[in-house]
Amino acid sequence: MDAEHPAPAVLTAWRHRPAALLAAGAALFVAALVATGYGLRAWAAATGTGGGWADWAWAPLALALAVQTGLYLAERPVRATPAQQRALDRLDVAVLVPLYNEDPGYLRTALHSLLTQTRPPQSAHVVDDGSTTGYADLRTEWLAAAARAGVRATWQRQPNRGKRAAQVAAAAHCPGADVLVTVDSDAHLDPHALHELLQPLADPKVQAVAGVVLAHNNRHGLISRITDLWYVTNQLVDRSALSPLGAVMVCSGSLAAYRADLLTDHREQYLGETFAGRPVTFSDDSLLTFYALRRGRVVQQPSAVVFSVMPENLGHHLRQYLRWMRGSTIRSLWRVRYLPLGHPALLAQVLRWYQHLAATATAALLLTHTWRTGTALPPALLAVPPLIVAGQTLRYLTVRRSDQPARSQLATWALTPLAAAWSWTVLRPLRWYAALTCLRTGWGTRQHGPEVALAPAAARR
């Protein structure tokens with residue numbers, strides 16, 4: 001940002017939709033349907049149980065999968081009209097950056113990316129929530145660079161009170177803002193990220209917009225590669241399917257935009273959320289999204305991209321996932337309890353519960369009956385999960401990024417079987433464990449300093 005500290009490299013990403021990928025995804029989906037029908041009938045004939053119950057169990061899941069596939073394939077970036085764009089350009093946009101024990105290297109790249117936006121924010125506000133890491137030099141550097149860029153910037157430090165308190169403190173510095181953009185302290189924004197993120201807000205019914213998160217460190221080991229594959233696929237399948245309905249359930253904290261009054265109107269509830277009498281200190285992103293869903297539409301803008309840091313070691317990965325799933329459990333109960341009957345997000349939540357329970361119960365019944373009768377599952381049935389997962393993870397290949405050659409992206413996608421096995425054998429049981437232990441509402445990471453550090457460029461190959 002100055003002569004002593006050269007500007008970090010700019011990261012960019014873009015979407016492409018080659019016909020070959022679409023055709024391959026459709027072929028895998030059809031193959032999964034055919035294999036399921038054939039496999040269930042073959043298994044029922046071999047065990048003498050008949051095929052009626054199998055059709056009954058599979059048909060709703062197949063229909064839900066078909067609808068989801070159609071919806072996520074229909075998602076397109078929102079584009080404002082010229083008149084709408086002029087209105088968007090007049091919006092006062094403030095960026096909130098809560099900071100706690102972040103690696104200085106990643107923090108610096110994140111802050112620099114805010115100043116290289118094609119649509120810069122009017123202001124940006126960093127709140128250090130009692131970090132044990134020192135940032136004095138970076139603070140001075142950042143404030144000077146923001147002043148040169150014409151962005152009003154603040155940086156304050158407060159005793160450790162949690163991410164929500166840091167966001168609220170940051171918002172206090174921009175009471176006139178129309179839009180609050182939340183970013184994490186490791187979030188490296190694509191240069192067009194803010195411009196793209198604001199596009200859906202041209203529709204007054206849209207209350208919040210989610211960006212697409214890629215792993216900044218996706219080539220720093222097997223854990224980061226699998227996490228990138230799993231996380232990107234989840235966004236481009238699950239969230240992309242919910243977006244046309246205006247029912248995205250979680251806007252990731254790495255990059256999200258909210259109407260400013262969402263936070264100001266719910267300030268006390270946001271800071272004081274409890275579950276079973278215990279304060280909730282995580283799942284802040286999904287709570288803001290929940291407020292937005294109660295007011296209107298929540299969408300994903302697939303062209304608004306941010307690069308965030310993912311865990312690189314097993315312990316960090318499992319702690320993060322456990323925290324996410326505990327938060328997801330609490331938030332799912334809130335949606336069912338407080339969203340209006342017939343709300344798309346409520347229906348999607350109930351369907352999600354059904355899918356998890358039905359898939360788990362069906363697998364358990366098949367395996368139990370197989371064990372009791374000694375009848376092996378037909379190969380066609382065993383092929384179904386890999387076919388579905390492979391078709392969905394093809395979405396990962398629709399994102400191209402400036403720091404990753406095509407061969408590296410293909411190498412990550414080739415980990416699909418391993419990622420699927422990890423999800424079924426480790427993450428799925430961990431999800432159920434998280435649901436059973438959701439009363440443990442502590443944060444669980446960065447308590448003793450940064451867990452991931454920015455590596456030299458030569459290491460990312």
Side-chain angles (χ1 to χ4, degrees), residues 8-29 31-32 69 72-77 106 109 113 116 118 186-193 196 211-241 252 254-255 300-312 317 386-423 452 454-461:
V10 174
L11 295 180
T12 61
W14 60 96
R15 295 288 303 280
H16 69 144
R17 300 166 60 87
L21 286 181
L22 295 177
L28 288 168
F29 176 72
T69 302
Y72 71 63
L73 289 176
E75 184 192 38
R76 297 291 186 278
Y106 278 121
T109 64
S113 71
T116 57
T118 56
D186 58 14
H188 186 137
L189 276 61
D190 176 282
H192 303 284
E196 293 296 325
V212 173
V213 184
L214 311 181
H216 191 163
N217 56 333
N218 69 323
R219 286 180 284 165
H220 287 199
L222 185 62
I223 292 292
S224 62
R225 279 189 183 268
I226 289 179
T227 303
D228 187 38
L229 175 64
W230 169 76
Y231 196 43
V232 172
T233 298
N234 178 268
Q235 293 171 94
L236 299 184
V237 171
D238 185 61
R239 292 187 193 175
S240 290
S252 297
S254 295
L255 179 62
Q300 176 178 261
Q301 178 71 333
S303 52
V305 179
V306 60
F307 299 81
S308 189
V309 179
M310 298 296 173
E312 296 179 4
H317 168 64
L387 287 171
I388 294 174
V389 172
Q392 292 181 335
T393 57
L394 281 174
R395 301 280 285 170
Y396 180 79
L397 299 178
T398 67
V399 179
R400 301 302 303 273
R401 44 193 290 174
S402 61
D403 66 332
Q404 182 177 20
R407 65 179 182 276
S408 178
Q409 187 180 31
L410 285 169
T412 300
W413 180 78
L415 294 172
T416 291
L418 181 59
W422 182 254
S423 176
V452 183
L454 182 63
R460 298 189 297 273
R461 293 177 181 172

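Worth saying up front: this structure is predicted, and the values here are computed from it rather than measured.
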field: Close side-chain approach of N218 to V232, heavy-atom, < 4.5 Å
entry: no

message: As a test of understanding, state which of R76, H192, E196 forms a side chain to side chain donor-acceptor pair (under 3.5 Å) with S303.
response: E196

query: For residues S308 and D186, is any side-chain donor paired with an opposing acceptor at under 3.5 Å?
result: yes

For the student: nearest non-hydrogen atoms of L28 and A390, plus distance: CD1-C, 3.8 Å

query: Less than 4.5 Å apart, any side-chain heavy atom of V305 and any of R401?
result: no

field: Contact summary for A420 and V389, nearest pair of heavy atoms
entry: CB-CG1, 4.0 Å

task: State, yes or no, whether a side-chain contact exists between V213 and L255 at a heavy-atom distance under 4.5 Å.
output: no

query: Given side chains that start at C-beta, do those of L73 and R395 come closer than 4.5 Å, heavy atoms only?
result: yes

- line: The reported gap from CD1 in I388 to OG1 in T393 (rounded to nearest 0.5 angstrom) is 12.0 Å

query: Which residues pass the side-chain hydrogen bond (donor to acceptor under 3.5 Å, both in side chains) test with R15, sequence neighbours left out?
result: T398

query: CG/D228 to CD1/I226 distance, rounded to the nearest 0.5 angstrom?
result: 11.0 Å

field: For V10 against S402, the heavy-atom pair lying closest together
entry: O-OG, 4.0 Å

- request: Please step through side chain to side chain contact (heavy atoms under 4.5 Å, CB included) for the pair L214 and V399, ending with a clear verdict.
  value: CA-CA 9 Å; L214 311 181; V399 179; 3.8 Å; yes

- request: Output the distance between atom OG1 (T69) and atom CD (Q392), rounded to the nearest 0.5 Å.
  value: 6.5 Å

query: With no hydrogens and no angle check, do the side chains of Q300 and Q235 hold a donor and an acceptor under 3.5 Å apart?
result: no

query: If we only count heavy atoms from C-beta on, is the W14 to D190 side-chain gap below 4.5 Å?
result: no

query: What is the minimum heavy-atom distance between Q301 and P77, and which atoms define it?
result: OE1-CA, 3.5 Å

query: Can you name the ring pair (Phe, Tyr, Trp, His ring centres under 6.0 Å) partners of W413, sequence neighbours left out?
result: none

query: Any side-chain heavy-atom pair from T109 and L11 closer than 4.5 angstrom?
result: no

query: What are the two closest heavy atoms between A9 and H188, and how far apart are they?
result: O-CE1, 3.1 Å

message: Tell me if a side-chain donor or acceptor on Q409 pairs with a main-chain N or O of Y396 at a distance below 3.5 Å.
response: yes

message: Check whether S408 reaches the backbone of Q404 with its side chain - one donor and one acceptor, N or O, closer than 3.5 Å.
response: no

- request: With rounding to the nearest 0.5 Å, note down the distance linking OG in S252 to CZ in R239.
  value: 3.5 Å

task: Hey, could you give me the OG1/OH distance between T233 and Y72, rounded to the nearest 0.5 Å?
output: 9.5 Å

- prompt: Any side-chain heavy atom of N217 sitting closer than 4.5 Å to one from E312?
  reply: yes

- line: Note: F307 and T12 closest approach over all heavy atoms is CZ-O, 3.5 Å

message: Could you measure the distance from the CG atom of L229 to the OG1 atom of T416? Nearest 0.5 Å is fine.
response: 4.5 Å

field: Min side-chain heavy-atom separation M310-W230 under 4.5 Å
entry: no

For F29, ring pair (Phe, Tyr, Trp, His ring centres under 6.0 Å) partners two or more places apart: none

